[in-house]
Amino acid sequence: MKHPLPDRPQHICVLRLSALGDVCNLVPTVRTLQRQWPKARITWIVGKGEHSLLAGLSGVEFVVYDKATGLAGMRALWRQLSDTRFDVLLHMQQALRASVLSLGLKADLRIGYDKARAKDAQHWFTQRQLAPHSRAHVLESYLDFARLLGVEDLSLAWDLPVPEAAVEEARGITGESPYLLISPCANPRLRNFRNWSAEGYAAVIEHAWRQRGLKTVLTGGGSTQERELGERIQALCPDEVVTDVIGETSLKGLLALIQGAQAVIAPDSGPVHMANALGAPVVGLYATTNPDRAGPYCWRAFVVNRYPDAVRSYLHKDPETLPWGQRVRHPDAMSLIRAEDVIDRLEALLTHPESPIETESPDEA
């Protein structure tokens, strides 16, 4: 017998700790819940870095869990919420850490992914599972939680808060000049292989400067890999064309920089989804991950997509036969992207800067 769904939940818990791109893709689901039940409390249990990006999101109470604190941090969070009982817990993170964290939370109903999408045996920790949805984009997978609860209006909205201090931070970097923003690196995890070449980025930067009069701002985290790639890119470009602030901005400052850019270019990483959430024109560079699953949702028409080529070249398989979401973990996969591919998409974007599906619901897109 299935556990009944709440007809009118009074207190909803969203459990999604990471990562930056994922929490951006989840915000529209929160907005659908707020429209359906405007008087319901929504508590979002989120990671520390992700909270610094989302802080100030209207109508949401955040409870922050720092993954570095491990089990001790979980116990502290459980004590913090010991007197709180949720009508429904939306378990939206397919990771064992999040499932263990969920055990100390009190909820009348726990909803998670269907078996096909649940990783790390997440379905063992939930009472109701989503209906199967094969080949779904990440954003649509989150909306499936709202669908299960009977939410009617699934139109997309983000309204991410960008405080004035962040706008001033960005203005101090860019002045009043129009600019292209490039975030050249993905998360420097083991066997990630999502980064494009310094030479490719330099060719795009030169084109944007000579043909469009756009200077380029380089952004990213403070890892050694990211800083070194930024230095290589800058060394290939005229000094006055590139401003390298990799590792030097706050996350809210990065939001403001993205919001003010003429266009954003990045591989599969947080900034493409941050741009998507802000309605900023974005060119995503994809070869090791499938953009139909993880591309910038409203701007997929402008993605440089070499994922099918990478699958054929390095996995020696037909892309249609692969499990949904499988990555191509090969260090040469991103080399399939050519500078002229990126320039072509950038020009198309600058010519038509409005998102083709910005206001449609996922069922219409």
Under a plain distance cut-off of 3.5 Å, with no hydrogens placed, do S99 and H91 share a side-chain donor-acceptor pair? yes
Give me the atom names and distance for the closest heavy-atom approach of A333 to V328. CB-CG1, 4.3 Å
Looking only at atom types and distance, does a side-chain atom of D268 sit under 3.5 Å from a main-chain N or O of T289, one as donor and one as acceptor? no
Quick one: does NZ or CZ of R300 land under 6.0 Å from the six-membered ring centre of Y297, within 45 degrees of the ring axis? yes
Could you give the distance from SG (C13) to CE (M92), rounded to the nearest 0.5 Å? 10.5 Å
Distance-only side-chain donor-acceptor flag, H11 / T43, under 3.5 Å: yes
Verify, without hydrogens or angle tests, whether D120 (side chain) and Q122 (backbone) share a donor-acceptor contact under 3.5 angstrom. no
Tell me whether R210 is salt-bridged to E206, with the criterion being a basic N under 4.0 Å from an acidic carboxylate O. yes
Within the structure provided, determine whether L105 and I45 are in side-chain contact (heavy-atom separation under 4.5 Å). yes
Nearest atoms (heavy-atom pairs only) where E50 meets A19: OE2-CA, 3.5 Å
Report yes if some heavy atom in the side chain of V272 is under 4.5 Å from a heavy atom in the side chain of V264; otherwise report no. no
Residue pair L214 / Y179, side-chain heavy-atom distance below 4.5 Å: no
Could you tell me whether a side-chain N or O of H137 sits under 3.5 Å from a main-chain N or O of G295, the two making a donor and an acceptor? yes
Would the Y113 and Y142 ring centres measure less than 6.0 Å apart? no
After noting the C-alpha distance and the side-chain angles of R135 and E320, does the key distance pass the salt bridge (charged side-chain N to carboxylate O under 4.0 Å, His left out) rule? CA-CA 11 Å; R135 308 179 75 81; E320 295 299 319; 3.5 Å; yes
Flag side-chain contact, heavy atom, 4.5 Å: V23 against L53: yes
Polar side-chain atom of Y286 near backbone of A294 as donor-acceptor pair, under 3.5 Å: yes
Between A166 and A256, which heavy-atom pair has the shortest distance, and what is it? O-CB, 3.3 Å
Cluster link W299 to I343, ILVMFWY, side chain under 4.5 Å: yes
Taking a hydrophobic cluster as the set of Ile, Leu, Val, Met, Phe, Trp and Tyr residues connected by side-chain heavy atoms closer than 4.5 Å, whether directly or through intermediates, do F86 and L5 fall within one such cluster? no
Return yes if a side-chain donor-acceptor contact under 3.5 Å exists between T249 and E169, otherwise no. no
Euclidean distance, K39 NZ relative to Q10 CD, rounded to 0.5 Å: 9.0 Å
For W37 and L149, what are the C-alpha separation, side-chain angles and deciding distance, and is it a side-chain contact (heavy atoms from CB on, under 4.5 Å)? CA-CA 11 Å; W37 298 294; L149 289 172; 3.9 Å; yes
Would you indicate whether the side-chain heavy atoms of V46 and V63 approach each other to under 4.5 Å? no
Say whether, by atom type as modelled, one donor and one acceptor occur between the side chain of W196 and the main chain of S335 under 3.5 angstrom. no
Is any side-chain heavy atom of W158 closer than 4.5 Å to a side-chain heavy atom of R31? no
Would a 4.5 Å heavy-atom cut-off, applied to side chains only, mark Y201 and L285 as touching? yes
Would V217 and L180 satisfy side-chain contact (heavy atoms from CB on, under 4.5 Å), going step by step from the backbone distance to the final call? CA-CA 6 Å; V217 176; L180 172 69; over 6 Å; no
Got a salt bridge between R35 and E152, using NZ or NE/NH1/NH2 to carboxylate O under 4.0 Å? no
Test log, rule salt bridge (charged side-chain N to carboxylate O under 4.0 Å, His left out), inputs E199 and R232: CA-CA 8 Å; E199 292 76 14; R232 292 202 301 274; over 6 Å; no
Judged by atom type as modelled, is there a donor-acceptor pair below 3.5 Å linking the side chain of S313 to the main-chain atoms of A310? no
Looking at V283, is its backbone amide N or carbonyl O close enough to the side chain of R345 to form a donor-acceptor pair, meaning the two atoms are under 3.5 Å apart? no
Could you check F193 against H330 for ring pair (Phe, Tyr, Trp, His ring centres under 6.0 Å), going step by step and ending with a plain yes or no? CA-CA 7 Å; F193 303 135; H330 195 284; 7.6 Å; no
Just checking, is any N or O donor in the side chain of R117 or S141 under 3.5 Å from an acceptor N or O on the other one? yes
Measure the spacing between CG of N25 and CD of E140 and express it to the nearest 0.5 Å. 10.0 Å
Test of understanding: clusters of I, L, V, M, F, W, Y form through side-chain heavy atoms closer than 4.5 Å, transitively. Do Y307 and L139 belong to the same one? no
Heavy-atom closest pair, residues L156 and P28: CD2-CB, 4.1 Å
Quick one: CG on L254 to CD on Q259, what's the gap to the nearest 0.5 Å? 11.5 Å
Is a side-chain N or O of D114 found less than 3.5 angstrom from the main chain of Q129, in a donor-acceptor match? no
Counting only heavy atoms not in D7, do more than 12 sit closer than 6.0 Å to its CG atom? no
Parallel under 30°, tilted from 30 to 60°, perpendicular over 60°: which one fits the rings of F62 and H51? perpendicular
Where do A339 and V204 come nearest, in terms of heavy atoms and distance? O-CG2, 4.2 Å
Apply the test side-chain contact (heavy atoms from CB on, under 4.5 Å) to residues T243 and K215: give CA-CA distance (whole Å), side-chain angles for both, the deciding distance (0.1 Å), then the verdict. CA-CA 8 Å; T243 300; K215 294 185 177 182; 5.9 Å; no
Modelled atom types, side-chain donor and acceptor of Q93 and R16, under 3.5 Å: yes
Quick check: does any side chain N or O of K252 sit under 3.5 Å from a backbone N or O of P161, one acting as donor and the other as acceptor? yes
With a 4.5 Å cut-off on side-chain heavy atoms, are D341 and R306 touching? yes
Spacing of CG belonging to L154 relative to OG1 belonging to T29, to within rounding of 0.5 Å: 8.0 Å
Nearest heavy-atom approach of R110 to S102 is NH1-O, 2.8 Å
L26-I42 co-clustered via ILVMFWY side chain contacts under 4.5 Å: yes
Atom pair CZ/OG1 of R41 and T84 - distance to nearest 0.5 Å: 6.5 Å
Common cluster, V311/M334, ILVMFWY with side-chain heavy-atom separation under 4.5 Å: no
Please assess L20 against N187 for the test side-chain contact (heavy atoms from CB on, under 4.5 Å), listing each intermediate value before the final yes or no. CA-CA 10 Å; L20 296 177; N187 190 313; over 6 Å; no
Using a 3.5 Å distance criterion without hydrogens, assess whether the side chain of Q34 forms a donor-acceptor pair with backbone atoms of S58. yes
